[in-house]
There are 2 protein chains.
Amino acid sequence: MPSRLPSAPRTGRPRSAAADAAILEATRAALVELGWSKLTLGDVASRAGVAKTTLYRRWAGKNELVVDAVAVLFDELELPDRGSLAADIEGVVLQFAAILDRPEAKTALMAVVAESTRDEPLRERIRTSIVERQKRLVLEGRSRAQARGELPLEKDPTAAARTADLIFDVVAGAVVHRALVSAQPVDEEWAARFTRLLVGGLAGD
Amino acid sequence: MPSRLPSAPRTGRPRSAAADAAILEATRAALVELGWSKLTLGDVASRAGVAKTTLYRRWAGKNELVVDAVAVLFDELELPDRGSLAADIEGVVLQFAAILDRPEAKTALMAVVAESTRDEPLRERIRTSIVERQKRLVLEGRSRAQARGELPLEKDPTAAARTADLIFDVVAGAVVHRALVSAQPVDEEWAARFTRLLVGGLAGD
DNA sequence: CAGTTACGCTACGACCCGTAGCGAAATCTG
DNA sequence: CAGATTTCGCTACGGGTCGTAGCGTAACTG
């Protein structure tokens, strides 16, 4: 990961990998208990059994630390083949909703996005650590649907990439908005209605 | 508005309405210059030419103040009749994107949503002050489209309300995700592609 | 007029920030 | 093994913000 600070040459005492893991775990625990705004780096350090200075040697600040602590949560997402495009979409929507249901995920995700509006490096880091990694789901779901004949092939690669970006923003955006802004449950029923809308469109039957 | 603190009886010196306006304006200005995280209530007070204590007499904290300061921005949204459902959607998407392009709007909106994940009263306040107010756009757009014959009538009122909520989450969520998470421009081309997807669906022509 | 409430101002303890400086521990090199 | 190098835990610090209390004054009511 390009996540940490300058990091090391090859001589001298190496950085403790166990400390890294303990810090990230402590960060998630602190997010659950305190939320973003009341989380302090001093508290994280003492939870992790680490000196505060050690923390500052590895991360520039709260923003960077929390991105690293939370990014891994989104790697749990999978796209098992459920036999149809609609079923695949419903499945991933419910998985995504389950992650957003975890308190550390929702408070951290929105907060770092808010911070990123005034911090270009942070924005790039969110893109590479979280957003860009999960587009794999869209690509895989679409290629499956094309193999099934549910979706037409798209020849122009740049147009195909734009379509994938668009679908990703629609799916992820809708789920996030429903769960965090409207503050309503993303349950099976909502997922089914959303999928029906996405596949068939407003005008669809 | 149920926005301020306890507020007043009818005897004694009345609260200055001018101070209210000055505080909210100063809050927006501070958001532009400093962003959410570096905004301090002491700074807002001095910008507004008001004592810090006055500020605390009216708002419980940063969260509540910023919600009030930003909510008014979203009231600018309108839905002029452009003759077709697709054109109406494109129009409101671009308007929404223009608001999210303002630095005070994006930094504040995401930050208060993040805070609201651990603060039920704040979540309710966001719902009533911002989210619920703008659903009027969905309702109006749909009733126009139904009058044009572009969309079928929905008889069951609860089903109709659910559909409206769903569409709102999809539209607002997609625009927010595109603009703030993916950090890509919401321009005419994207709006057109999104509208085509929403109206026709993934399988659409 | 007296009663009541808002205002500006000052001051305060509490907390967190981010950094500096120290001696000790861990690892690589010759 | 000796020396160089880097990390580690610890303590301490100045600087900043928080949210509140207290006071005298201003504005409005009856």
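To find a chain, count down the sequence lines: A is the first, B the second, and so on, and within it residues start at 1. Remember, it's a predicted structure, so these values are computed and weren't measured experimentally.
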Can any side-chain N or O of A:E115 pair as donor or acceptor with the backbone N or O of A:L122 at less than 3.5 Å?
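No, because the side chain of A:E115 does not come within donor-acceptor range (under 3.5 Å) of the backbone of A:L122.
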Using atom [atom1] of [X] as one end and atom [atom2] of [N] as the other, report the distance to the nearest whole Å.
{"X": "A:R15", "N": "D:dG9", "atom1": "CZ", "atom2": "C1'", "result": "15 Å"}
{"X": "A:L65", "N": "C:dG18", "atom1": "CG", "atom2": "C1'", "result": "15 Å"}
{"X": "A:N63", "N": "C:dC17", "atom1": "CG", "atom2": "P", "result": "12 Å"}
{"X": "A:Y56", "N": "C:dG21", "atom1": "OH", "atom2": "C1'", "result": "17 Å"}
{"X": "A:W59", "N": "C:dG18", "atom1": "CH2", "atom2": "P", "result": "15 Å"}
{"X": "B:L55", "N": "D:dC18", "atom1": "CG", "atom2": "P", "result": "10 Å"}
{"X": "B:R58", "N": "C:dT5", "atom1": "CZ", "atom2": "C1'", "result": "12 Å"}

Side chains of [X] and [Y], donor plus acceptor under 3.5 Å:
{"X": "B:S84", "Y": "B:E150", "result": "no"}
{"X": "B:T163", "Y": "B:E154", "result": "yes"}
{"X": "A:Q146", "Y": "A:R144", "result": "no"}

Tell me whether the side-chain N/O atoms of B:T54 come closer than 4.0 Å to OP1 or OP2 in C:dG8.
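Yes, within the criterion.
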Restricting to nitrogen or oxygen on both sides, can you table the protein-nucleotides 10-17 of chain D pairs closer than 3.5 Å?
unit_1	atom_1	unit_2	atom_2	d
D:dC10	N4	A:T53	OG1	2.9

Test applied, salt bridge (Lys or Arg N to Asp or Glu O under 4.0 Å); reference residue, A:D165; option that passes from A:K135, A:R142, A:R127
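Considering A:K135, A:R142, A:R127, a salt bridge (Lys or Arg N to Asp or Glu O under 4.0 Å) with A:D165 is found only for A:K135.
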Does any non-hydrogen side-chain atom of A:E104 lie less than 4.5 Å from one of A:L73?
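A:L73 vs A:E104: side chains touch.
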Report the residue (B:A60 or B:G12) whose heavy-atom-nearest nucleotide on DNA chain D is the more 5′ of the two.
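Result of the comparison: B:A60.
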Considering heavy-atom distances to DNA chain D, does B:K62 or A:S16 have its closest nucleotide positioned more toward the 5' end?
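Here A:S16 is the residue nearer the 5' end.
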State the dot-bracket string of DNA chain D. Criteria: Watson-Crick or G-U wobble, both atom distances under 3.5 angstrom; notation: ( ) intrastrand, [ ] crossing earlier pairs, | interstrand, . unpaired.
||||||||||||||||||||||||||||||
side-chain hydrogen bond (donor to acceptor under 3.5 Å, both in side chains) evaluation trace for A:Q184 with B:D169:
CA-CA 10 Å; A:Q184 300 290 323; B:D169 283 326; over 6 Å; no
Under the 3.5 Å rule, do the base of D:dT7 and the side chain of A:R13 count as making a donor-acceptor pair?
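Under the 3.5 Å cut-off, the side chain and the base do form a donor-acceptor pair.
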Minimum heavy-atom distance B:N63-B:V112, with the two atoms named:
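Nearest pair, atom of B:N63 first, then B:V112: O-CG1, 4.2 Å.
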Could B:K106 and B:W36 be counted as a cation-pi pair, given that NZ or CZ must be under 6.0 Å from the ring centre and within 45° of the axis?
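Pair B:K106/B:W36 does not count as cation-pi.
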